[in-house]
Number of protein chains: 2
Amino acid sequence: MSNSTPATIEDVARIAEVSIATVSRAIHMPEKVANSTRLKVSQAIAITGYTTNAMARSLRLGRSNMILVVAPDIGDPNFSSILVGLENEARSHGYGILIGHTQNDAQRGLEYLKFLNSNQAAGLILFTGILPFGHQTMTARLPPSVGVFEPVFNGGIPYVGVDDIEGARKAVDLLLAEGHRKIAFIGDSRTRLAYTRRRMGYEAGMDAAGVGADLRIVLEGDGTIESGRLAVEQLFMRDTLPTAFMCVNDQTAIGVMIGLGARGYDIPRDFSVTGFDDVPQAAFMSPALTTIRQPRTLIGKHAMALLLELLSDGQPAETEILLRPDLVVRNSVSAPSREWATR
Amino acid sequence: MSNSTPATIEDVARIAEVSIATVSRAIHMPEKVANSTRLKVSQAIAITGYTTNAMARSLRLGRSNMILVVAPDIGDPNFSSILVGLENEARSHGYGILIGHTQNDAQRGLEYLKFLNSNQAAGLILFTGILPFGHQTMTARLPPSVGVFEPVFNGGIPYVGVDDIEGARKAVDLLLAEGHRKIAFIGDSRTRLAYTRRRMGYEAGMDAAGVGADLRIVLEGDGTIESGRLAVEQLFMRDTLPTAFMCVNDQTAIGVMIGLGARGYDIPRDFSVTGFDDVPQAAFMSPALTTIRQPRTLIGKHAMALLLELLSDGQPAETEILLRPDLVVRNSVSAPSREWATR
DNA sequence: AGATGCTATGTAAACCTTTACATAGATGAT
DNA sequence: ATCATCTATGTAAAGGTTTACATAGCATCT
């Protein structure tokens, strides 16, 4: 029963007194085998504790039941809940997920490419906005792939994310509704396309409210806590200060709050701050950060579902799935204080 | 070159004008093949872009180059940095990592067992303190395994973690040095063995300082933010309050800080609080949480290294590796205020 | 009764490797 | 010159599956 070596399809066939072909059919195409036979087979499977050897199956079929997930950084606070969604969906369809991170290192990217070439993964989920395979990308034979968060720059790959423009719009609109006009956008146009879209949302909101270019301040950061802190420093060197900071992501917002705190200002009394992403930390800042939530687990689920569909149909039903971002109001936003407002 | 179907060892053999056996040998036992032949083979490999088909290799060898990592919850803030360590170490030895989470669901545990039975993983990393395979655990054929954070309850499996007793000791000692005597320990003796050890560190520290049992308060929680909050409520129902809260982990500490904050108290003026783990959030609390750091990436690295050793040697060099936990002093601890101290 | 078609099952090849065993050639010892 | 060794390579089997093709039994139709 629980022998030292696992049961093979031959063991099952012997006990059920049929051929191995019939066993295989009983498992994968039950309608093709007689009821009585099917019964004998399932009994034999129960007796032996047989499980299909995945390696043999993959070898024969020419593809595995593993999905490779590549992210630039597994430690990213956005990563783990996405993973939950991906994993659940994959598992329930008989797939496993395999994770890798590139740390923006081309060498590692290449290793994953080799990995794919050796047939170890049937599909690919990409977190980065780019295919991380360097100059070999063009000639690479890639399995069906889908991107998460943003379109993949150099490959015609469907993706699942959030409507960044709409999300950013919700943040500006809140700020505008509170009475802010001079709103600084602390952005990052280099690392991720999604960030550029968020800026578009900011501009659109300002346009719609009739706020002129003279009241807009846009600073480029790189999406890190440190860059948020730095942005504050830069702003204090200029002669005009905003009454609110709209940040491209929560990390930046946290940096801004730290920078403002270090100068002795109170949020939201002196300045309002918004983020984007709703990382777990956001709720525990003091004050708790008002931000835009990305439904991460759901994104993961949809991304995997789309990939699985691709795997069976070959054709993507849709080329992008945009989920709705939600405004989550906490305590980092209030009306501008008189002092600043009259400046 | 970048054909539709990947090159096999036969393609390489044909181009190099040798047999497939020689190609295989040139790759895996280069010293067994003549220099001239080796050269021809590597040229042929370069031309074809050949990569060994991992499925075929695993099938022939009877084991894969994948390591299964099972955690109760991927979303755990402790998880991702461990993953980084695991992944880096595995990758550099030609292994990939496969992740799964059980969510404490026995059904899912069984799925992973089937997974292992189908030979898809050469080794197993366990985050839970238990083997998550229900009643089948006893009879299960398990591959070489190692635990992370704490010993695996029902299997003689080596593990890598932090010295929890020593870590907890550092926390109490800090509190004692600041002058606290009445220190409450908010613990959790149910979910993880590591937590029980932390309590042992607390008791040992109190013993060493000669603080009697009448000044010790121990409350049982379950390691969540909510349970920390609840502990505070309970304590306020009693007639005596501690001057400091030593919490079994950061989540609990965060809960305690929230509870105390809600009642209008200031930390660390009115109460001191310590955590354990140093989750990313801890640094951004207000006040920033004084806690005990687990070197997570390092733990991951060591755990994987140990597993890889097991995989090649068969015998574990050591049965447990305990890393040193570090005290990280931030702003949630100070001397007890006069008011409470004289109580 | 013979032809036809359908259903359920079996036989054997293929997927790509690794490696035990065989072989051939070269070297060295007697 | 014969034999033993050694080195470099080739041949073929094995690993566990899936599936095209073959076959056998049976029912249906003319």
Side-chain angles (χ1 to χ4, degrees), chain A residues 3-42 44-45 48-66 94 114-120 122, chain B residues 3-42 44-45 48-66 94 114-120 122:
Chain A
N3 245 333
S4 66
T5 149
T8 74
I9 201 172
E10 286 207 66
D11 299 327
V12 176
R14 196 173 326 112
I15 293 185
E17 299 176 301
V18 295
S19 73
I20 60 168
T22 301
V23 174
S24 179
R25 275 187 292 250
I27 297 171
H28 301 290
M29 352 162 64
E31 73 286 358
K32 287 283 188 184
V33 5
N35 282 335
S36 57
T37 317
R38 195 159 55 226
L39 187 65
K40 282 194 294 179
V41 170
S42 38
I45 288 178
T48 54
Y50 170 74
T51 325
T52 304
N53 180 314
M55 321 266 67
R57 173 164 221 262
S58 301
L59 174 60
R60 178 60 231 244
L61 259 35
R63 72 191 159 83
S64 80
N65 59 155
M66 291 291 137
K114 271 172 71 174
F115 193 81
L116 291 169
N117 275 346
S118 66
N119 271 326
Q120 295 202 67
Chain B
N3 244 334
S4 66
T5 148
T8 75
I9 201 172
E10 285 207 67
D11 299 327
V12 177
R14 197 174 324 110
I15 295 184
E17 299 176 303
V18 294
S19 74
I20 61 168
T22 301
V23 174
S24 180
R25 275 188 291 252
I27 296 171
H28 301 291
M29 354 161 66
E31 73 286 357
K32 287 283 188 185
V33 6
N35 282 335
S36 58
T37 317
R38 194 159 55 225
L39 188 66
K40 281 194 296 181
V41 170
S42 38
I45 289 179
T48 53
Y50 170 74
T51 325
T52 304
N53 180 314
M55 320 265 68
R57 174 163 219 263
S58 300
L59 175 58
R60 178 60 230 247
L61 260 36
R63 72 192 158 81
S64 81
N65 58 156
M66 290 292 137
K114 272 172 71 174
F115 194 80
L116 290 170
N117 275 346
S118 66
N119 271 326
Q120 294 204 68

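First the proteins, then the strands, lettered A, B, ... as listed; each starts at 1.
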Rounding to a whole Å, what distance do you find between [X]:[atom1] and [N]:[atom2]?
X        : N       : atom1 : atom2 : result
Lys32(A) : dA20(D) : NZ    : P     : 11 Å
Glu31(A) : dA8(C)  : CD    : P     : 10 Å
Glu10(A) : dT17(D) : CD    : P     : 9 Å
Arg63(B) : dT17(C) : CZ    : C1'   : 14 Å
Asp11(B) : dT17(C) : CG    : P     : 9 Å
His28(B) : dA8(D)  : NE2   : C1'   : 18 Å
Asn53(A) : dT18(D) : CG    : P     : 10 Å
Ile9(B)  : dA14(C) : CD1   : P     : 18 Å

Does the [X] side chain pair with the main chain of [Y], one donor and one acceptor, at a distance under 3.5 Å?
X        : Y        : answer
Thr37(B) : Val33(B) : no
Thr48(B) : Ala44(B) : yes
Arg63(A) : Ser58(A) : no

So, OP1 or OP2 of [N]: does either fall under 4.0 Å of a side-chain N or O from [X]?
X        : N       : answer
Thr8(A)  : dG16(D) : no
Arg57(A) : dG16(D) : no
Ser24(A) : dT18(D) : yes

Check: [Y] and [X] side chains under 4.5 Å, non-hydrogen atoms:
X        : Y        : answer
Tyr50(A) : Ile9(A)  : yes
Pro6(A)  : Thr51(A) : no
Leu39(A) : Asn35(A) : no

Looking at every strand, decide which applies to [X] at a 4.0 Å heavy-atom threshold: base, sugar-phosphate, or nothing.
X        : answer
Ser58(B) : nothing
Ile20(A) : base
Ala34(B) : sugar-phosphate
Leu59(B) : base
Thr52(A) : sugar-phosphate

5' precedence on DNA chain D between Met29(A) and Thr37(B) (nearest-nucleotide basis): Thr37(B)
Would you kindly compare Arg25(B) and Ala56(B) by the position of their nearest DNA chain C nucleotide and give the one closer to the 5′ end? Ala56(B)
Checking side-chain polar atoms at under 3.5 Å, does Asn65(B) have a donor or acceptor matched by the opposite partner on Gln120(A)? yes
If the helix axis at each end comes from five base pairs, how far does the helix from dA1(C)-dT30(D) to dT30(C)-dA1(D) deviate from straight, to 10°? 60°
So, using side-chain hydrogen bond (donor to acceptor under 3.5 Å, both in side chains) as the criterion, who are the partners of Arg25(B) when residues are at least two apart? none
Ignoring hydrogens and angles, answer whether the base of dG16(D) and the side-chain atoms of Arg60(B) contain a donor-acceptor pair closer than 3.5 Å.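 Result: no qualifying N/O pair found.
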